[in-house]
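Below is one structure, written out as C-alpha coordinates, with a few remarks after it.
Order of the sequence lines sets the chain letters (A, B, ...), proteins ahead of strands, with each chain counted from 1.
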Protein chains: 2
Amino acid sequence: MDTRERLIESARELLWERGYVGTSPKAVQQRSGAGQGSMYHHFRGKPDLALAAITRTADDLRGRAEAELSAPGSPIQRITTYLRREREALRGCPVGRLTQDPDVMADPTLRAPIEETFAWLRKRLTDVLAEAQRQGELDGELDLADTAAAFVAVLQGGYVLARAAGDAGAYTQAVDGVLGLLSGHVR
Amino acid sequence: MDTRERLIESARELLWERGYVGTSPKAVQQRSGAGQGSMYHHFRGKPDLALAAITRTADDLRGRAEAELSAPGSPIQRITTYLRREREALRGCPVGRLTQDPDVMADPTLRAPIEETFAWLRKRLTDVLAEAQRQGELDGELDLADTAAAFVAVLQGGYVLARAAGDAGAYTQAVDGVLGLLSGHVR
DNA sequence: GTCTATAAGCTGATAGAC
DNA sequence: GTCTATCAGCTTATAGAC
(Lines give C-alpha, C1' and ligand atoms only; values in the text may rest on other atoms or scores of the structure.)
Protein backbone atom coordinates (compact mmCIF):
# COMPACT_ATOMS: atom_id res chain seq x y z
CA MET A 1 0.00 0.00 0.00
CA ASP A 2 1.50 3.34 -1.00
CA THR A 3 1.45 6.48 1.10
CA ARG A 4 -1.63 7.96 -0.48
CA GLU A 5 -3.51 4.75 0.09
CA ARG A 6 -2.39 4.50 3.70
CA LEU A 7 -3.54 8.07 4.30
CA ILE A 8 -7.00 7.30 2.95
CA GLU A 9 -7.35 4.09 4.94
CA SER A 10 -6.17 5.75 8.14
CA ALA A 11 -8.59 8.61 7.56
CA ARG A 12 -11.43 6.13 7.05
CA GLU A 13 -10.66 4.43 10.36
CA LEU A 14 -10.41 7.68 12.27
CA LEU A 15 -13.57 9.14 10.72
CA TRP A 16 -15.39 5.98 11.79
CA GLU A 17 -13.99 6.08 15.32
CA ARG A 18 -13.95 9.80 16.03
CA GLY A 19 -15.89 11.61 13.29
CA TYR A 20 -14.65 14.53 11.21
CA VAL A 21 -14.51 17.08 14.00
CA GLY A 22 -12.61 14.63 16.19
CA THR A 23 -10.06 13.68 13.55
CA SER A 24 -6.99 15.88 13.10
CA PRO A 25 -4.59 15.75 10.16
CA LYS A 26 -1.86 14.98 12.66
CA ALA A 27 -3.71 11.90 13.92
CA VAL A 28 -4.12 10.65 10.34
CA GLN A 29 -0.43 11.20 9.67
CA GLN A 30 0.60 9.29 12.77
CA ARG A 31 -1.69 6.34 12.09
CA SER A 32 -0.61 6.11 8.47
CA GLY A 33 3.06 6.68 9.17
CA ALA A 34 3.13 9.57 6.69
CA GLY A 35 4.77 12.89 7.46
CA GLN A 36 3.20 16.33 7.49
CA GLY A 37 4.48 17.34 4.07
CA SER A 38 3.52 14.01 2.61
CA MET A 39 -0.13 14.43 3.45
CA TYR A 40 -0.24 17.92 2.00
CA HIS A 41 1.46 16.67 -1.14
CA HIS A 42 -1.28 14.10 -1.81
CA PHE A 43 -4.24 16.13 -0.56
CA ARG A 44 -5.09 19.81 -0.47
CA GLY A 45 -6.03 19.57 3.21
CA LYS A 46 -8.32 17.91 5.71
CA PRO A 47 -11.56 18.28 3.71
CA ASP A 48 -9.94 16.91 0.55
CA LEU A 49 -8.59 13.85 2.37
CA ALA A 50 -11.89 13.34 4.16
CA LEU A 51 -13.73 13.42 0.84
CA ALA A 52 -11.56 10.63 -0.54
CA ALA A 53 -12.14 8.60 2.64
CA ILE A 54 -15.90 9.22 2.81
CA THR A 55 -16.42 8.45 -0.87
CA ARG A 56 -14.67 5.12 -0.54
CA THR A 57 -16.59 4.19 2.61
CA ALA A 58 -19.90 5.11 0.97
CA ASP A 59 -19.07 3.09 -2.16
CA ASP A 60 -18.17 0.12 0.03
CA LEU A 61 -21.45 0.23 1.92
CA ARG A 62 -23.42 0.52 -1.27
CA GLY A 63 -21.52 -2.34 -2.89
CA ARG A 64 -22.20 -4.70 -0.03
CA ALA A 65 -25.89 -3.79 0.13
CA GLU A 66 -26.29 -4.25 -3.62
CA ALA A 67 -24.66 -7.69 -3.46
CA GLU A 68 -27.17 -8.86 -0.86
CA LEU A 69 -30.23 -7.20 -2.34
CA SER A 70 -29.59 -8.59 -5.82
CA ALA A 71 -28.61 -12.09 -4.65
CA PRO A 72 -30.74 -15.15 -5.44
CA GLY A 73 -33.80 -15.67 -3.23
CA SER A 74 -37.24 -14.16 -2.75
CA PRO A 75 -37.47 -10.41 -2.14
CA ILE A 76 -38.34 -10.79 1.54
CA GLN A 77 -35.53 -13.32 1.99
CA ARG A 78 -33.04 -10.87 0.48
CA ILE A 79 -34.22 -8.04 2.70
CA THR A 80 -34.02 -10.30 5.73
CA THR A 81 -30.50 -11.32 4.80
CA TYR A 82 -29.53 -7.69 4.39
CA LEU A 83 -31.03 -6.65 7.72
CA ARG A 84 -29.61 -9.60 9.62
CA ARG A 85 -26.12 -9.34 8.21
CA GLU A 86 -23.41 -9.33 10.86
CA ARG A 87 -22.42 -5.76 11.56
CA GLU A 88 -20.00 -4.34 14.07
CA ALA A 89 -22.84 -2.72 15.94
CA LEU A 90 -20.71 -1.19 18.69
CA ARG A 91 -18.60 0.68 16.16
CA GLY A 92 -21.63 2.33 14.63
CA CYS A 93 -22.29 2.95 10.94
CA PRO A 94 -19.30 4.53 9.20
CA VAL A 95 -21.61 6.51 6.92
CA GLY A 96 -24.52 7.22 9.24
CA ARG A 97 -22.31 8.62 11.98
CA LEU A 98 -21.08 11.41 9.71
CA THR A 99 -24.62 12.67 9.66
CA GLN A 100 -24.06 13.92 13.21
CA ASP A 101 -20.96 15.85 12.23
CA PRO A 102 -21.77 19.55 11.89
CA ASP A 103 -18.71 20.35 9.76
CA VAL A 104 -19.50 17.52 7.34
CA MET A 105 -23.15 18.54 6.98
CA ALA A 106 -22.14 22.17 6.46
CA ASP A 107 -19.92 21.28 3.48
CA PRO A 108 -22.00 20.30 0.42
CA THR A 109 -19.08 18.40 -1.09
CA LEU A 110 -18.54 16.21 1.98
CA ARG A 111 -22.22 15.82 2.51
CA ALA A 112 -23.13 14.66 -0.99
CA PRO A 113 -21.87 11.05 -0.78
CA ILE A 114 -23.78 10.58 2.48
CA GLU A 115 -27.01 11.98 1.10
CA GLU A 116 -26.65 9.87 -2.04
CA THR A 117 -25.93 6.68 -0.13
CA PHE A 118 -29.08 6.90 1.95
CA ALA A 119 -31.22 8.02 -0.99
CA TRP A 120 -29.95 5.07 -3.00
CA LEU A 121 -30.48 2.58 -0.16
CA ARG A 122 -34.05 3.69 0.50
CA LYS A 123 -34.87 3.51 -3.21
CA ARG A 124 -33.28 0.09 -3.58
CA LEU A 125 -35.21 -1.33 -0.62
CA THR A 126 -38.41 0.24 -1.93
CA ASP A 127 -37.86 -1.54 -5.26
CA VAL A 128 -37.29 -4.91 -3.61
CA LEU A 129 -40.43 -4.42 -1.53
CA ALA A 130 -42.35 -3.64 -4.73
CA GLU A 131 -41.07 -6.91 -6.18
CA ALA A 132 -42.32 -8.71 -3.08
CA GLN A 133 -45.73 -7.12 -3.48
CA ARG A 134 -45.98 -8.00 -7.16
CA GLN A 135 -45.11 -11.62 -6.39
CA GLY A 136 -47.71 -11.75 -3.64
CA GLU A 137 -45.09 -12.29 -0.93
CA LEU A 138 -46.16 -9.04 0.77
CA ASP A 139 -49.69 -7.77 1.35
CA GLY A 140 -50.92 -4.63 -0.36
CA GLU A 141 -51.49 -2.55 2.76
CA LEU A 142 -48.00 -1.13 3.23
CA ASP A 143 -46.63 2.09 1.85
CA LEU A 144 -43.41 0.82 0.36
CA ALA A 145 -41.28 3.96 0.61
CA ASP A 146 -42.30 4.40 4.25
CA THR A 147 -41.51 0.77 5.00
CA ALA A 148 -38.11 1.06 3.35
CA ALA A 149 -37.38 4.19 5.40
CA ALA A 150 -38.34 2.31 8.55
CA PHE A 151 -35.94 -0.52 7.70
CA VAL A 152 -33.02 1.81 7.14
CA ALA A 153 -33.93 3.74 10.29
CA VAL A 154 -33.98 0.56 12.37
CA LEU A 155 -30.45 -0.24 11.24
CA GLN A 156 -29.19 3.25 11.98
CA GLY A 157 -31.06 3.43 15.27
CA GLY A 158 -29.89 -0.08 16.15
CA TYR A 159 -26.34 1.23 16.19
CA VAL A 160 -27.40 3.98 18.58
CA LEU A 161 -29.08 1.50 20.93
CA ALA A 162 -26.10 -0.84 20.82
CA ARG A 163 -23.65 1.92 21.68
CA ALA A 164 -25.92 3.32 24.39
CA ALA A 165 -26.27 -0.11 25.98
CA GLY A 166 -22.65 -1.08 25.38
CA ASP A 167 -24.10 -4.28 23.94
CA ALA A 168 -24.33 -5.34 20.30
CA GLY A 169 -27.39 -7.39 21.25
CA ALA A 170 -29.49 -4.23 21.31
CA TYR A 171 -28.90 -3.86 17.58
CA THR A 172 -30.02 -7.43 16.94
CA GLN A 173 -33.12 -6.89 19.07
CA ALA A 174 -34.18 -3.88 17.04
CA VAL A 175 -33.74 -5.81 13.78
CA ASP A 176 -35.66 -8.78 15.20
CA GLY A 177 -38.36 -6.39 16.32
CA VAL A 178 -38.94 -4.90 12.89
CA LEU A 179 -38.84 -8.32 11.23
CA GLY A 180 -41.45 -9.48 13.76
CA LEU A 181 -43.62 -6.55 12.75
CA LEU A 182 -43.07 -7.34 9.07
CA SER A 183 -44.24 -10.90 9.58
CA GLY A 184 -47.85 -9.69 9.94
CA HIS A 185 -47.74 -8.57 6.30
CA VAL A 186 -45.88 -11.46 4.64
CA ARG A 187 -47.26 -14.33 2.61
CA MET B 1 -31.04 33.10 34.79
CA ASP B 2 -27.80 33.18 36.79
CA THR B 3 -24.37 32.48 35.40
CA ARG B 4 -24.27 28.84 36.36
CA GLU B 5 -27.63 28.28 34.72
CA ARG B 6 -26.59 30.10 31.53
CA LEU B 7 -23.45 27.96 31.34
CA ILE B 8 -25.49 24.75 31.56
CA GLU B 9 -28.02 25.89 28.97
CA SER B 10 -25.31 27.04 26.58
CA ALA B 11 -23.50 23.74 27.02
CA ARG B 12 -26.73 21.85 26.27
CA GLU B 13 -27.20 23.77 23.02
CA LEU B 14 -23.62 23.27 21.91
CA LEU B 15 -23.58 19.58 22.82
CA TRP B 16 -26.71 19.16 20.72
CA GLU B 17 -25.30 21.09 17.76
CA ARG B 18 -21.67 20.01 17.82
CA GLY B 19 -21.28 17.10 20.23
CA TYR B 20 -18.80 16.86 23.08
CA VAL B 21 -15.65 16.67 20.97
CA GLY B 22 -16.79 19.66 18.94
CA THR B 23 -17.66 21.83 21.94
CA SER B 24 -14.89 23.84 23.61
CA PRO B 25 -15.12 25.52 27.01
CA LYS B 26 -14.40 28.78 25.22
CA ALA B 27 -17.42 28.36 22.95
CA VAL B 28 -19.64 27.71 25.97
CA GLN B 29 -18.26 30.81 27.70
CA GLN B 30 -18.91 32.98 24.68
CA ARG B 31 -22.45 31.72 24.15
CA SER B 32 -23.33 32.11 27.81
CA GLY B 33 -21.59 35.44 28.23
CA ALA B 34 -19.58 34.07 31.15
CA GLY B 35 -15.86 34.60 31.50
CA GLN B 36 -13.09 32.01 31.70
CA GLY B 37 -12.71 32.19 35.47
CA SER B 38 -16.45 32.15 35.96
CA MET B 39 -16.85 28.81 34.27
CA TYR B 40 -14.05 27.24 36.27
CA HIS B 41 -15.55 28.64 39.45
CA HIS B 42 -18.88 26.83 38.88
CA PHE B 43 -17.50 23.67 37.28
CA ARG B 44 -14.31 21.68 37.68
CA GLY B 45 -13.82 21.60 33.91
CA LYS B 46 -15.35 20.53 30.63
CA PRO B 47 -16.43 17.02 31.72
CA ASP B 48 -18.08 18.38 34.87
CA LEU B 49 -20.05 20.99 32.94
CA ALA B 50 -20.96 18.46 30.27
CA LEU B 51 -22.27 16.10 32.93
CA ALA B 52 -24.61 18.78 34.27
CA ALA B 53 -25.82 19.52 30.73
CA ILE B 54 -26.26 15.88 29.70
CA THR B 55 -28.08 14.96 32.90
CA ARG B 56 -30.57 17.75 32.41
CA THR B 57 -31.14 16.90 28.75
CA ALA B 58 -31.65 13.24 29.59
CA ASP B 59 -34.11 14.08 32.38
CA ASP B 60 -36.02 16.31 29.98
CA LEU B 61 -36.34 13.62 27.35
CA ARG B 62 -37.47 11.10 29.90
CA GLY B 63 -40.00 13.49 31.39
CA ARG B 64 -41.62 14.21 28.06
CA ALA B 65 -41.76 10.55 27.11
CA GLU B 66 -43.30 9.61 30.45
CA ALA B 67 -45.95 12.29 30.08
CA GLU B 68 -47.07 10.87 26.73
CA LEU B 69 -46.78 7.21 27.64
CA SER B 70 -48.79 7.60 30.84
CA ALA B 71 -51.46 9.90 29.33
CA PRO B 72 -55.09 8.81 28.93
CA GLY B 73 -55.84 6.61 25.93
CA SER B 74 -55.28 3.03 24.84
CA PRO B 75 -51.72 1.66 24.93
CA ILE B 76 -51.36 1.69 21.14
CA GLN B 77 -52.77 5.21 20.98
CA ARG B 78 -50.22 6.39 23.53
CA ILE B 79 -47.35 4.77 21.67
CA THR B 80 -48.58 6.28 18.41
CA THR B 81 -48.77 9.71 20.04
CA TYR B 82 -45.26 9.30 21.38
CA LEU B 83 -43.84 8.20 18.03
CA ARG B 84 -45.66 10.87 16.06
CA ARG B 85 -44.82 13.74 18.35
CA GLU B 86 -43.34 16.73 16.57
CA ARG B 87 -39.59 16.57 16.85
CA GLU B 88 -36.93 18.81 15.39
CA ALA B 89 -35.74 16.00 13.17
CA LEU B 90 -33.01 17.98 11.42
CA ARG B 91 -31.37 18.81 14.72
CA GLY B 92 -31.10 15.17 15.70
CA CYS B 93 -31.68 13.66 19.12
CA PRO B 94 -29.83 15.55 21.86
CA VAL B 95 -29.26 12.32 23.78
CA GLY B 96 -28.80 9.83 20.95
CA ARG B 97 -26.18 11.92 19.20
CA LEU B 98 -23.86 11.68 22.21
CA THR B 99 -23.70 7.98 21.56
CA GLN B 100 -21.46 8.77 18.58
CA ASP B 101 -19.06 10.79 20.68
CA PRO B 102 -15.96 8.75 21.50
CA ASP B 103 -14.93 10.89 24.48
CA VAL B 104 -18.39 10.64 26.03
CA MET B 105 -18.57 6.89 25.59
CA ALA B 106 -15.08 6.48 27.04
CA ASP B 107 -16.07 8.27 30.28
CA PRO B 108 -18.36 6.09 32.43
CA THR B 109 -19.70 9.13 34.28
CA LEU B 110 -20.76 10.95 31.11
CA ARG B 111 -22.01 7.79 29.55
CA ALA B 112 -24.26 6.67 32.40
CA PRO B 113 -27.18 9.08 31.85
CA ILE B 114 -27.30 8.10 28.17
CA GLU B 115 -27.27 4.40 28.89
CA GLU B 116 -29.96 4.84 31.56
CA THR B 117 -32.19 6.94 29.33
CA PHE B 118 -32.31 4.34 26.58
CA ALA B 119 -32.66 1.44 29.00
CA TRP B 120 -35.56 3.23 30.68
CA LEU B 121 -37.25 4.10 27.38
CA ARG B 122 -37.06 0.57 26.01
CA LYS B 123 -38.43 -0.83 29.27
CA ARG B 124 -41.23 1.71 29.39
CA LEU B 125 -42.31 0.97 25.83
CA THR B 126 -42.12 -2.76 26.51
CA ASP B 127 -44.48 -2.29 29.45
CA VAL B 128 -47.00 -0.30 27.41
CA LEU B 129 -46.87 -2.97 24.70
CA ALA B 130 -47.54 -5.62 27.37
CA GLU B 131 -50.57 -3.61 28.45
CA ALA B 132 -51.77 -3.57 24.84
CA GLN B 133 -51.37 -7.33 24.62
CA ARG B 134 -53.25 -7.95 27.88
CA GLN B 135 -56.11 -5.80 26.69
CA GLY B 136 -56.25 -7.63 23.38
CA GLU B 137 -55.28 -4.52 21.41
CA LEU B 138 -52.14 -6.26 20.14
CA ASP B 139 -51.82 -9.83 18.90
CA GLY B 140 -49.71 -12.36 20.81
CA GLU B 141 -47.13 -12.99 18.07
CA LEU B 142 -44.72 -10.17 18.83
CA ASP B 143 -41.72 -10.24 21.12
CA LEU B 144 -42.38 -7.11 23.13
CA ALA B 145 -38.81 -6.17 24.07
CA ASP B 146 -37.74 -6.57 20.43
CA THR B 147 -40.67 -4.49 19.24
CA ALA B 148 -39.88 -1.76 21.75
CA ALA B 149 -36.24 -1.75 20.61
CA ALA B 150 -37.42 -1.41 17.02
CA PHE B 151 -39.58 1.61 17.92
CA VAL B 152 -36.74 3.41 19.67
CA ALA B 153 -34.40 2.53 16.82
CA VAL B 154 -36.80 3.94 14.23
CA LEU B 155 -36.84 7.25 16.08
CA GLN B 156 -33.06 7.38 16.37
CA GLY B 157 -32.56 6.22 12.80
CA GLY B 158 -35.23 8.64 11.61
CA TYR B 159 -33.01 11.50 12.76
CA VAL B 160 -30.15 10.05 10.74
CA LEU B 161 -32.30 9.77 7.61
CA ALA B 162 -33.64 13.29 8.04
CA ARG B 163 -30.19 14.78 8.40
CA ALA B 164 -28.81 12.73 5.51
CA ALA B 165 -31.65 13.87 3.26
CA GLY B 166 -31.69 17.41 4.61
CA ASP B 167 -35.43 16.88 4.97
CA ALA B 168 -37.43 16.33 8.15
CA GLY B 169 -39.93 14.38 6.07
CA ALA B 170 -37.60 11.38 6.06
CA TYR B 171 -38.06 11.12 9.80
CA THR B 172 -41.85 11.14 9.43
CA GLN B 173 -41.65 8.51 6.70
CA ALA B 174 -39.72 6.13 8.92
CA VAL B 175 -42.23 6.57 11.74
CA ASP B 176 -45.14 6.08 9.34
CA GLY B 177 -43.39 2.99 8.01
CA VAL B 178 -43.08 1.31 11.38
CA LEU B 179 -46.66 2.24 12.31
CA GLY B 180 -47.79 0.69 9.03
CA LEU B 181 -45.95 -2.49 9.95
CA LEU B 182 -47.50 -2.43 13.44
CA SER B 183 -51.00 -2.20 11.96
CA GLY B 184 -50.79 -5.85 10.90
CA HIS B 185 -50.70 -6.84 14.56
CA VAL B 186 -53.27 -4.48 16.07
CA ARG B 187 -56.84 -5.19 17.11
C1' DG C 1 -17.89 35.33 41.91
C1' DT C 2 -15.55 37.38 38.15
C1' DC C 3 -11.41 39.10 35.87
C1' DT C 4 -6.87 38.94 33.54
C1' DA C 5 -2.43 36.55 32.83
C1' DT C 6 -0.03 32.66 31.57
C1' DA C 7 1.03 28.17 29.59
C1' DA C 8 2.05 23.60 27.22
C1' DG C 9 0.27 21.33 23.61
C1' DC C 10 -2.78 20.79 19.53
C1' DT C 11 -4.90 22.47 14.88
C1' DG C 12 -4.57 23.10 10.18
C1' DA C 13 -1.95 24.71 7.47
C1' DT C 14 2.33 27.13 4.29
C1' DA C 15 7.32 27.40 2.75
C1' DG C 16 11.20 25.75 1.21
C1' DA C 17 15.13 22.46 1.58
C1' DC C 18 16.41 17.72 0.18
C1' DG D 1 7.62 12.76 -2.80
C1' DT D 2 9.13 13.46 1.78
C1' DC D 3 11.21 16.25 5.46
C1' DT D 4 11.75 20.03 8.82
C1' DA D 5 10.63 24.78 10.21
C1' DT D 6 7.39 28.01 11.24
C1' DC D 7 2.92 30.12 12.39
C1' DA D 8 -1.53 32.25 14.19
C1' DG D 9 -5.03 30.74 16.68
C1' DC D 10 -7.47 27.32 19.61
C1' DT D 11 -7.78 24.01 23.72
C1' DT D 12 -8.13 23.18 28.45
C1' DA D 13 -6.86 24.51 31.91
C1' DT D 14 -4.18 27.00 36.56
C1' DA D 15 -2.93 31.16 39.44
C1' DG D 16 -3.82 35.00 41.62
C1' DA D 17 -5.64 39.78 41.75
C1' DC D 18 -10.01 42.31 42.50
Side-chain angles (χ1 to χ4, degrees), chain A residues 1-56 97-98 100-111, chain B residues 1-56 97-98 100-111:
Chain A
M1 206 159 43
D2 65 12
T3 300
R4 191 190 144 85
E5 203 58 25
R6 288 203 318 275
L7 282 163
I8 295 176
E9 291 303 317
S10 299
R12 291 180 66 193
E13 292 171 17
L14 282 163
L15 286 173
W16 194 359
E17 291 167 21
R18 304 195 43 83
Y20 183 82
V21 166
T23 297
S24 68
K26 186 179 186 180
V28 177
Q29 290 153 26
Q30 285 174 340
R31 185 169 299 208
S32 67
Q36 191 91 335
S38 210
M39 191 199 105
Y40 284 98
H41 170 75
H42 292 288
F43 300 95
R44 258 160 292 166
K46 178 175 167 173
D48 191 37
L49 172 54
L51 179 60
I54 292 172
T55 301
R56 185 172 296 181
R97 78 147 296 154
L98 297 170
Q100 304 296 325
D101 223 303
D103 293 0
V104 170
M105 297 314 276
D107 181 337
T109 306
L110 292 180
R111 188 204 162 118
Chain B
M1 207 160 41
D2 64 13
T3 300
R4 190 189 145 85
E5 202 57 26
R6 287 202 321 274
L7 281 163
I8 294 177
E9 290 303 317
S10 298
R12 290 180 66 192
E13 291 171 18
L14 282 163
L15 286 174
W16 193 359
E17 291 167 21
R18 304 195 44 82
Y20 183 82
V21 166
T23 297
S24 68
K26 186 180 186 180
V28 177
Q29 291 153 25
Q30 284 173 340
R31 183 168 300 208
S32 66
Q36 191 91 336
S38 210
M39 192 199 105
Y40 284 99
H41 170 75
H42 291 289
F43 299 95
R44 259 160 290 165
K46 178 175 168 173
D48 190 38
L49 171 53
L51 178 61
I54 292 172
T55 301
R56 186 172 296 181
R97 78 146 295 153
L98 297 170
Q100 303 296 325
D101 222 303
D103 293 0
V104 170
M105 297 314 276
D107 181 336
T109 305
L110 292 180
R111 188 205 161 118

Residue whose nearest DNA chain C nucleotide is more 5′ - B:Gly33 or A:Arg44: B:Gly33
Gap between atoms CD and C1', on B:Gln30 and D:dT11 respectively (whole Å): 12 Å
Sidechain-backbone polar pair: B:Asp101 side chain, B:Tyr20 backbone, donor-acceptor under 3.5 Å: yes
d(CD, A:Glu5; C1', D:dG1) in whole Å: 16 Å
Integer-rounded Å distance: C:dG1 P and B:Asp2 CG: 9 Å
Distance below 4.0 Å between B:Ser24 side-chain N/O and D:dT11 OP1 or OP2: yes
Whole-Å gap separating P (D:dT11) and CD (B:Gln29): 10 Å
B:Ile8 side chain near B:His42 side chain, heavy-atom distance below 4.5 Å: no
Rounded interatomic separation in angstrom, taking CG from A:Leu7 and P from D:dG1: 13 Å
Student check: side-chain heavy atoms of A:Asp103 and B:Arg18 closer than 4.5 Å: yes
N or O in side chain of A:His41 less than 4.0 angstrom from D:dC3 OP1/OP2: no
Pairwise 5' ranking along DNA chain C for A:Gly22 and A:Gly37, keeping only the more 5' one: A:Gly22
For atom CG of A:Asp103 and atom C1' of C:dG12, their distance in whole Å: 13 Å
Min side-chain heavy-atom separation B:Pro102-B:Val21 under 4.5 Å: yes
Nearest-Å distance for atom pair OH/P, residues B:Tyr40 and D:dA17: 21 Å
Name of the residue among A:Arg56, A:Arg31, A:Arg6 meeting salt bridge (charged side-chain N to carboxylate O under 4.0 Å, His left out) with A:Glu13: A:Arg31
Phosphate-side-chain proximity, B:Lys26 and D:dT11, N/O vs OP1/OP2 below 4.0 Å: no
Phosphate contact (D:dT2 OP1 or OP2) by A:Thr3 side-chain N/O below 4.0 Å: yes
A:Pro25, nearest nucleotide to its side chain (from C:dT4, C:dT2, C:dG12): C:dG12
Whole-Å gap separating P (C:dG12) and CE (A:Met39): 9 Å
